A.B. asks: 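Structure incoming, see below.
All figures in this text were calculated on a predicted structure; none of them were measured in a lab. The residues of the chain are indexed from 1 along the displayed sequence.
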Amino acid sequence: MTAVHCTTCPYCGVGCGVTIAQQNNGALTIGGDTAHPANQGRLCVKGSALGETLDLAGRLLQPQVDGQSATWERALGQVAQRFNHIIEQHGPQAVAFYASGQLLTEDYYVANKLMKGFIGAANIDTNSRLCMASAVVGYKRAFGGDAVPCCYEDIEQADLVILTGSNTAWAHPVVYQRLVNARQQRPQMRVVVIDPRETATCDIADVHLPLQPGTDAALFTGALCWLVEQDGLDSAFLQQHASGTEATLAAAAEWTPQRVAEFCGLPLRTVLTFFQLLTTSYNWVTLYSMGINQSASGADKCNAIINLHLAGGRIGRAGSGPFSITGQPNAMGGREVGGLANQLAAHMGFSAEETDRVQRFWQSPRIARQPGLNAVALFQAIAAGQVKAVWIMGTNPAVSLPDADAVRQALKQCPLVVVSDVMAMTDTAELAHIRLPALAWGEKEGSVTNSERCISRQRAFLSPPGQARADWWILSQVAQRMGYGEAFGYQHPSEIFSEHAALSAFENNGTRAFDIGLLAGWDKQQWLGMTPVQWPVNEQHPAGCRRLFGDKRFFHADGKARLLPVTPRLPQNAVSQRYPLVLNTGRIRDQWHTMTRTGKAARLMRHLSEPFCEIHPQDAAELGIADSSVVRLSSPHGWMLARAQCSPGQRRGSVFVPMHWNGQFTGQGRVDSLIPPVVDADSGQPESKHAPVRVSPWPVSWQAEIFLRAEVAAPKGIYWSRVAQDGLTHYIMAGQQPVEDWQAWLQQHFTLAGLTLQTAQLAQRGLHLIGWRQGEVQLAFYARQHAPALDRPAILTAFKQAPASGPQRLALLAGRGAADQPAAGATVCSCFGVGENRIIAAIQSGCHSAKALGASLQCGTHCGSCLPELKKLIQQHASQRVA
């Protein structure tokens with residue numbers, strides 16, 4: 001018998017529905033939910049690999065107090081007692097919470113209620129501050145509420161889709177595949193990509209604008225100027241339903257195409273091609289993400305985009321709208337409950353009327369009456385000793401926040417650090433005085449809201465492991481012990497959701513965008529059976545609402561939208577002779593945030609296995625950097641090591657480094673240690689896309705890889721990255737100091753005791769070594785002056801089935817498979833484990849389309865994320881036929 005559970009993916013803001021088919025023996029089959037409106041059955045490779053992340057290895061399964069295991073009673077009592085003590089001594093402003101878009105809405109609601117309504121300070125912020133705070137400000141300034149007007153169908157119905165600051169193909173793969181499929185059905189659709197880098201998203205672009213980093217506002221302000229000149233304004237809409245038009249158009253008037261081209265570093269013809277598409281397309285959707293939001297002028301960039309849509313009347317109708325797509329599964333839910341320090345619950349702010357309303361609803365003894373500290377300011381306040389206790393929930397700020405080394409130091413000196421997380425050892429958890437084991441995806445019950453305002457359920461299909469508990473329960477228990485028991489007596493998350501829904505409707509009367517009042521009366525069974533629905537859900541929209549503003553009514557008091565004058569400006573972090581390159585950070589295809597979950601899945605590590613620095617070949621040549629060499633990046637705030645990746649698609653003068661690697665997966669690869677703590681003055685969102693850096697070769701005397709069955713820490717003082725493998729430890733390493741005796745070095749760091757050794761001494765002090773025990777491979781080591789070229793799949797296979805013949809053992813010692821088994825090459829398709837060499841061979845044999853490759857090798861036939869790479873390989877190798 002098979003039980004099927006419908007839940008929601010815990011990764012990006014697309015919010016895909018996931019089905020879990022559970023057999024009696026516990027085996028799980030994970031698939032996309034065909035009934036879910038977000039993904040309609042599709043899943044990206046990360047979602048497809050969720051089943052490979054559910055093991056308990058590394059899990060935090062028992063509370064810990066001051067480094068010792070403790071009962072829940074002791075741990076909860078200690079959190080409450082220590083928080084109360086600090087509040088009594090220093091006041092409520094001395095404590096803070098730092099939450100996460102990984103929390104469910106019910107968890108978020110309780111945390112916000114406790115901090116703002118009972119402790120009485122607003123010092124609760126979230127890692128969503130790093131994701132979409134600028135988008136929130138843009139929407140609120142323009143619409144009077146944090147209201148994303150679009151739905152995913154609008155992307156499919158648009159005549160022109162503008163992707164800006166978003167490598168959608170990798171960061172939001174299912175949305176990208178919906179766009180790809182829509183374009184195949186409607187070839188007349190046009191796609192514009194605005195990004196300094198040539199990313200995988202450019203695969204379907206009619207126009208790519210590789211603008212100078214940070215100049216997006218000029219491009220959209222110039223587009224507004226162009227609309228005026230081409231008589232492209234929706235004058236009736238502007239006169240009847242908007243204000244601020246005259247000042248906004250006046251500010252845009254000087255941004256001619258020529259000036260835009262010069263400011264953005266673009267050819268004039270490319271700028272004009274984009275502008276002409278605006279005036280010849282009936283419907284536009286602008287999809288924007290971190291490349292817009294993560295900026296010291298991010299809020300203004302958002303309003304420049306919204307200005308264009310309002311001026312052209314491209315809003316409130318199918319196929320049109322400014323669409324901010326969030327990075328986390330419940331970033332939107334956090335916005336709804338007031339998870340940001342500058343908001344109260346249910347989209348309310350800190351006016352006297354609003355604080356009074358929320359306090360009456362909560363019946364709380366006190367309430368925060370002014371905004372709290374946003375993420376960057378919060379950790380600076382910890383460093384300054386102003387905040388003396390912080391509770392960090394489901395996030396890893398020692399890796400993810402700007403100036404990460406300073407964040408780590410702040411936590412080291414903080415009198416009380418509480419961490420509730422699923423993993424025992426993260427960079428942040430290492431610094432905690434009290435660790436609380438939380439439930440993970442698959443174990444917890446609650447709701448999340450995706451980028452198109454769709455509320456979905458995350459459902460439990462696994463039993464709670466060890467002593468792990470739900471975040472809402474942990475928070476409620478602490479609240480009770482702090483003396484607020486009556487307000488936090490929840491027995492089930494459905495009760496919290498009902499209260500949250502009721503607050504959304506409380507004294508609303510259509511004045512606030514977020515309203516799910518019709519769900520407030522739900523009982524437990526109705527909540528358990530919730531199907532996806534887009535808010536608002538009220539008397540006007542009892543079945544939810546796909547898109548907003550069709551009635552041209554907005555949430556400002558006069559019912560009108562606002563256009564805001566925007567003055568484009570360059571990032572304030574200017575490059576210099578000492579730091580001449582601009583660092584851009586972002587995501588890669590197969591990893592998620594700081595790899596706490598995706599880092600457990602071996603196949604997700606095979607596409608890109610190390611932190612890398614993408615750099616233009618000419619910049620690399622001038623700096624003496626060879627492709628695939630180890631480089632050192634430095635800024636005034638820190639330094640890191642990464643593998644150079646030369647790419648002509650990278651804009652000259654800029655480099656790109658992924659955000660994911662942390663202290664558990666690499667020795668010195670936390671990119672946010674380089675990022676300055678510069679934020680948008682309006683949104684508080686950090687500038688993570690523009691940091692001046694220096695990149696230089698990191699000369700090494702050797703490079704190596706080791707595979708072994710034992711769990712062993714990496715040696716100190718070298719470059720290393722750990723690659724997840726099923727049942728094995730795998731390190732990629734490099735060192736500056738020569739090693740005279742490799743066997744002694746291996747014995748010191750990894751131990752060769754009890755192994756039968758098979759070795760091959762190579763020139764220039766290289767060594768290949770296989771360690772055997774009772775006919776099984778225990779260790780495989782390959783060291784050379786340069787990075788060894790290895791057939792990793794063949795080596796991994798040898799650990800599962802030891803090579804028996806002499807030639808097979810010699811092949812393993814050489815780091816390759818048997819003679820009749822060509823190396824697979826670097827993984828391109830993670831879904832089916834298809835390597836580059838196999839794909840090239842198939843292309844040279846006549847597979848000259850992605851469809852043909854899929855038919856032959858299956859690559860590109862599941863999630864589609866590898867299709868841009870397949871097409872590039874076809875372009876490079878289709879003419880190189882095998883004789």
Side-chain angles (χ1 to χ4, degrees), residues 56 58-90 92 94-100 102-104 106-115 117-121 124 364-365 388-395 411 414-426 428-440 442-446 460 462-496 499:
L56 299 182
R59 284 290 298 271
L60 178 62
L61 297 176
Q62 186 173 3
Q64 298 175 0
V65 177
D66 298 327
Q68 302 295 318
S69 295
T71 64
W72 267 114
E73 189 60 38
R74 170 166 164 72
L76 294 167
Q78 284 294 301
V79 175
Q81 179 183 330
R82 297 187 195 188
F83 263 85
N84 273 339
H85 177 73
I86 289 172
I87 292 168
E88 290 167 5
Q89 294 291 312
H90 304 283
V95 299
F97 293 170
Y98 187 63
S100 163
Q102 294 290 297
L103 293 180
L104 303 182
E106 293 76 6
D107 306 321
Y108 247 137
Y109 180 88
V110 177
N112 187 60
K113 179 180 178 180
L114 172 57
M115 177 55 75
F118 287 79
I119 292 174
I124 173 172
S364 61
K388 301 179 183 299
V390 60
W391 186 346
I392 299 167
M393 307 170 195
T395 187
L411 291 174
C414 184
L416 177 60
V417 177
V418 179
V419 169
S420 45
D421 208 323
V422 301
M423 300 302 291
M425 206 43 69
T426 68
T428 301
E430 288 178 354
L431 306 171
H433 302 97
I434 300 176
R435 300 177 191 170
L436 305 174
L439 295 179
E443 302 160 1
K444 58 185 180 179
E445 293 273 358
L462 299 171
S463 300
Q467 296 185 41
R469 297 291 183 270
D471 290 279
W472 68 264
W473 182 88
I474 300 170
L475 285 155
S476 297
Q477 292 294 315
V478 169
Q480 291 173 27
R481 286 160 177 78
M482 291 181 72
Y484 311 127
E486 189 174 337
F488 293 88
Y490 307 113
Q491 300 299 308
H492 192 270
S494 61
E495 300 168 14
I496 305 168
E499 182 179 317

A.B. asks: Is the backbone N or O of S100 less than 3.5 Å from a side-chain atom of Y108, with the two atoms forming a donor-acceptor pair by type?
C.D. replies: yes
A.B. asks: Say you draw a straight line from CG of L439 to CG of D471; how long is it, rounded to the nearest 0.5 Å?
C.D. replies: 7.5 Å
A.B. asks: Please give me the minimum heavy-atom distance between P365 and G117, naming the atom from each residue.
C.D. replies: CD-O, 3.9 Å
A.B. asks: Find the distance between OG1 (T426) and CG (D421) and round it off to the nearest 0.5 Å.
C.D. replies: 5.5 Å
A.B. asks: Keeping R59 on the side-chain end and V422 on the backbone end, is there a donor-acceptor pair under 3.5 Å?
C.D. replies: yes
A.B. asks: Closest approach of F488 and S476, non-hydrogen atoms and distance?
C.D. replies: O-CB, 3.6 Å
A.B. asks: Going from OG on S420 to CZ on R469, what distance comes out if it is rounded to the nearest 0.5 angstrom?
C.D. replies: 14.0 Å
A.B. asks: Distance from E445 atom CD to E443 atom CD, nearest 0.5 Å?
C.D. replies: 11.5 Å
A.B. asks: Which distance, rounded to the nearest 0.5 Å, do you find between the CD of Q64 and the CD of Q78?
C.D. replies: 14.0 Å
A.B. asks: A side-chain contact here means heavy atoms from C-beta on lying under 4.5 Å apart; do I392 and L411 qualify?
C.D. replies: yes
A.B. asks: With rounding to the nearest 0.5 angstrom, report the CD1 to CZ distance, I119 to F97.
C.D. replies: 4.0 Å
A.B. asks: Could you report the tightest heavy-atom contact between I87 and P92, atom names first, then the distance?
C.D. replies: CG2-N, 4.1 Å
A.B. asks: For a 4.5 angstrom cut-off between non-hydrogen side-chain atoms, does L436 reach Q477?
C.D. replies: no
A.B. asks: Suppose we screen for ring-ring contact (aromatic ring centres under 6.0 Å, His included). Which residues come up paired with W472, at least two apart in sequence or across chains?
C.D. replies: none
A.B. asks: Which pair of heavy atoms, one from V79 and one from W391, lies closest together, and at what distance?
C.D. replies: CG1-CZ3, 4.2 Å
A.B. asks: Contact between I474 and W72 at the side-chain level, heavy atoms closer than 4.5 Å - yes or no?
C.D. replies: yes
A.B. asks: Check whether any side-chain heavy atom of P437 lies under 4.5 Å from a side-chain heavy atom of P63, and answer yes or no.
C.D. replies: yes
A.B. asks: Could you tell me whether the side chain of Q89 reaches within less than 4.5 Å of the side chain of K388, counting heavy atoms only?
C.D. replies: no
A.B. asks: If we check side-chain contact (heavy atoms from CB on, under 4.5 Å) with L475, which of these qualifies: K113, M393, E106, M115?
C.D. replies: M393
A.B. asks: Between L416 and I434, is any pair of side-chain heavy atoms under 4.5 Å apart?
C.D. replies: yes
A.B. asks: Identify the two heavy atoms, one from M423 and one from A429, that lie closest to each other, and give their separation to 0.1 Å.
C.D. replies: O-CB, 4.5 Å
A.B. asks: Please examine the side chains of R435 and M425, heavy atoms only from C-beta on, and report whether any two atoms are closer than 4.5 Å.
C.D. replies: yes
A.B. asks: Give me the atom names and distance for the closest heavy-atom approach of A80 to R481.
C.D. replies: CB-CB, 3.5 Å
